[in-house]
There are 2 protein chains.
Amino acid sequence: MVSNERVGRSLLRQEVSERIKRYILDNRLRPGSPLPTENELCAALGASRSSVREAIKTLDALDIVEVRHGHGTYVGGLSLSALVEGLTFRGLLSPNDDFAVLSELVDVRELFERGNAAAIISALDGPHLDTLDDLASSMGTAVDADRVVADRRFHALLVNPLGNELVSQLTDAFWDVFTAVAPRLGLTPSDQDPVRLHKAIVHAARAGDSLAFADAVVAHYAPIRTRVAAARHAQSIRN
Amino acid sequence: MVSNERVGRSLLRQEVSERIKRYILDNRLRPGSPLPTENELCAALGASRSSVREAIKTLDALDIVEVRHGHGTYVGGLSLSALVEGLTFRGLLSPNDDFAVLSELVDVRELFERGNAAAIISALDGPHLDTLDDLASSMGTAVDADRVVADRRFHALLVNPLGNELVSQLTDAFWDVFTAVAPRLGLTPSDQDPVRLHKAIVHAARAGDSLAFADAVVAHYAPIRTRVAAARHAQSIRN
DNA sequence: GATCGTTGGATTGTTTGACAATCGTTCCGC
DNA sequence: GCGGAACGATTGTCAAACAATCCAACGATC
């Protein structure tokens with residue numbers, strides 16, 4: 001017990017967590033860079049291994065730190081995995097209305113594509129459009145899991161040319177949350193023709209028509225909206 | 001050591017974490033509901049207190065669980081605090097480009113308001129508009145912290161009438177991240193006239209002109225964009 | 001009777017020490 | 001040269017004890 005001035009409102013493991021974060025920042029470490037071992041951190045920060053470990057677990061949950069059993073602790077990928085896990089759980093719990101989160105998710109996902117229509121169109125080039133077309137086509141031929149993968153890639157590639165990594169990661173995250181929550185709430189995938197709905201988006205982009213692009217995006221999410229609303233309504237009657 | 005069939009890739013504390021989440025879901029607990037004590041969880045899940053505590057710390061970081069010292073453990077608020085902390089840290093670390101995250105944040109914040117222009121306008125009523133006007137005015141008279149508070153409330157109230165809690169919380173979260181990161185990167189607040197820029201948004205909303213609304217939103221973020229770009233450029237020259 | 005301080009129990013926070021599980025590497029036998 | 005075995009380092013788990021905190025019940029005082 002060296003510096004015992006930790007009075008009042010401060011929990012030790014939170015102090016440790018802050019100091020580990022500061023260590024990463026001060027040393028300009030990068031994702032993947034190794035961190036001191038637990039014992040070294042204990043000695044450096046003057047805390048027991050339990051406290052250090054609990055602090056590390058907190059940072060691990062935020063993907064600020066990544067722990068490999070038997071190997072060491074490293075700077076994490078700084079992904080949005082915490083958002084995905086948190087939102088997924090909220091979607092499964094959902095006070096009052098089980099489908100509110102799903103409905104709101106669709107709104108945001110649509111907004112990301114519709115609201116960036118002009119920028120997306122001007123950033124998409126020929127090869128990119130061809131890839132999108134291929135993905136749309138594959139949603140007709142592929143089966144089950146592959147179809148889902150194609151859908152995910154399609155929407156990821158749609159916003160990627162924006163060059164905004166945050167938008168790209170949020171798009172992925174919201175897609176992950178939706179596909180994780182929907183089936184566990186008994187929501188079956190839309191039976192509308194996915195090929196046509198996705199190709200319409202590509203077609204509008206190729207034509208450089210941002211209004212048509214926005215309309216196509218809205219049309220793409222319309223059947224999903226309908227399905228969520230139907231399940232929502234069925235639930236409200238059931239109760 | 002009772003059920004020792006935890007072979008292979010599964011870590012005990014992760015199993016514990018999953019079972020706590022399932023416990024909350026199965027019992028349909030709500031934010032604020034009490035959870036079993038640590039010792040009860042140890043007995044119920046057949047794990048030591050260390051493992052249970054580390055699992056709880058993981059859930060605590062995601063705001064799935066909330067721990068009160070000396071009192072107990074409860075279901076958390078399911079907020080986006082993990083997103084805020086994670087993005088803030090990423091913004092402070094920022095491999096390669098310190099201002100990339102900041103720049104992307106502005107894009108997303110603008111998108112939330114610009115892309116929902118029509119829906120926001122049709123959802124805003126008279127009293128709501130008056131409140132927004134008052135907030136805009138107070139940015140001229142208020143000082144320091146109060147001015148910042150008014151700005152936050154303004155943008156929160158702007159998207160609130162959408163009725164989409166996810167959008168509202170993301171707006172708050174991104175605002176929090178920006179204001180946490182910007183000063184620590186040496187970015188001083190814009191010296192443009194905030195009253196005029198915010199009032200223009202309200203004025204367009206009152207007129208029911210969604211195009212003017214979108215333009216006003218863009219104009220509002222323009223000086224911030226400029227400032228971020230300038231800092232970004234200054235950094236690229238420095239290196 | 002009301003109010004305030006005290007006491008006690010319950011619960012989480014922290015420490016310490018030990019051993020298990022995992023991962024790389026190094027070394028050895030072949 | 002190559003494959004397996006042993007080893008060291010590191011994280012994972014367990015156990016027991018004590019500290020810090022919160023709350024409520026109790027009691028003293030006014």
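Residue numbers begin at 1 in each chain, while the letters A, B, ... track the order of the sequences.
Within the structure, side chain to side chain donor-acceptor pair (under 3.5 Å) pairs that include any residue of residues 57-70 of chain A comprise A/Asp63-A/Ser79 (at least two apart or interchain).
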Legend entry - Test log, rule side-chain contact (heavy atoms from CB on, under 4.5 Å), inputs A/Asp107 and A/Leu111: CA-CA 6 Å; A/Asp107 286 347; A/Leu111 172 64; over 6 Å; no
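No side-chain donor from either of A/Arg225 and A/Ser103 sits under 3.5 Å from a side-chain acceptor of the other. If you check the side chains of B/Asn160 and B/His128, you find no donor sitting under 3.5 Å from an acceptor.
If you check D/dG12, C/dT15, C/dG24 against the side chain of A/Ser48, the one that comes closest is C/dT15. For B/His69, counting side-chain heavy atoms from C-beta on, the closest listed nucleotide (D/dT21, D/dA15, D/dG12) is D/dT21. Among the nucleotides C/dG24, D/dT11, C/dT12, the one closest to the side chain of B/Thr73 is C/dT12. Picking from D/dG12, D/dC14, C/dG13 the nucleotide with the shortest atom distance to the side chain of B/Arg53 gives C/dG13.
Per the geometry, CG belonging to B/Asp60 stands 19 Å off P belonging to C/dT11, to the nearest Å. Rounding to whole angstrom units, CG of residue B/Leu12 and C1' of C/dA21 are separated by 12 Å. Residue A/Glu15 contributes atom CD, which lies 15 Å from atom P of C/dG13 at whole-angstrom precision. Remark: C1' of D/dT13 and CG of B/Leu45 are 15 Å apart, rounded to the nearest angstrom. Rounded to an integer number of Å, the gap from B/Lys57 NZ to C/dT12 P is 9 Å. One atom, CG of A/Leu11, and another, C1' of D/dT21, lie 10 Å apart when rounded to the nearest Å. Atom CD of B/Glu38 and atom P of D/dC14 are 14 Å apart (whole Å). In this structure, A/Leu41 atom CG and C/dT15 atom P are separated by 14 Å, rounded to whole Å.
Look at A/Arg68 and you won't find any side-chain N or O under 4.0 angstrom from OP1 or OP2 of D/dT10.
The environment of CZ in B/Arg153 is sparse: at most 12 heavy-atom neighbours from other residues, nucleotides or ligands sit within 6.0 Å.
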Quick one: which protein N/O atoms are closer than 3.5 Å to N/O atoms of nucleotides 16-18 of chain D? Pair and distance per line, please.
from   : atom 1 : to      : atom 2 : distance (Å)
D/dA17 : N6     : B/Arg49 : NH1    : 3.4

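Relative ring orientation between A/Tyr221 and A/His155 is described as tilted, the plane-to-plane angle lying within the 30° to 60° band.
When the C1' atoms of four end pairs are superposed on the next four at each end of the helix from C/dG1-D/dC30 to C/dC30-D/dG1, using five pairs per end, the two resulting axes differ in direction by 10°, to 10°.
When the side-chain contact (heavy atoms from CB on, under 4.5 Å) test is applied to A/Thr179, the partners found at least two apart in sequence or on another chain are A/Trp175. Scanning for salt bridge (charged side-chain N to carboxylate O under 4.0 Å, His left out) contacts around A/Glu18 gives A/Lys21, with sequence neighbours left out. Take B/Tyr74 and apply the ring-ring contact (aromatic ring centres under 6.0 Å, His included) test, not counting sequence neighbours, and it matches B/His71.
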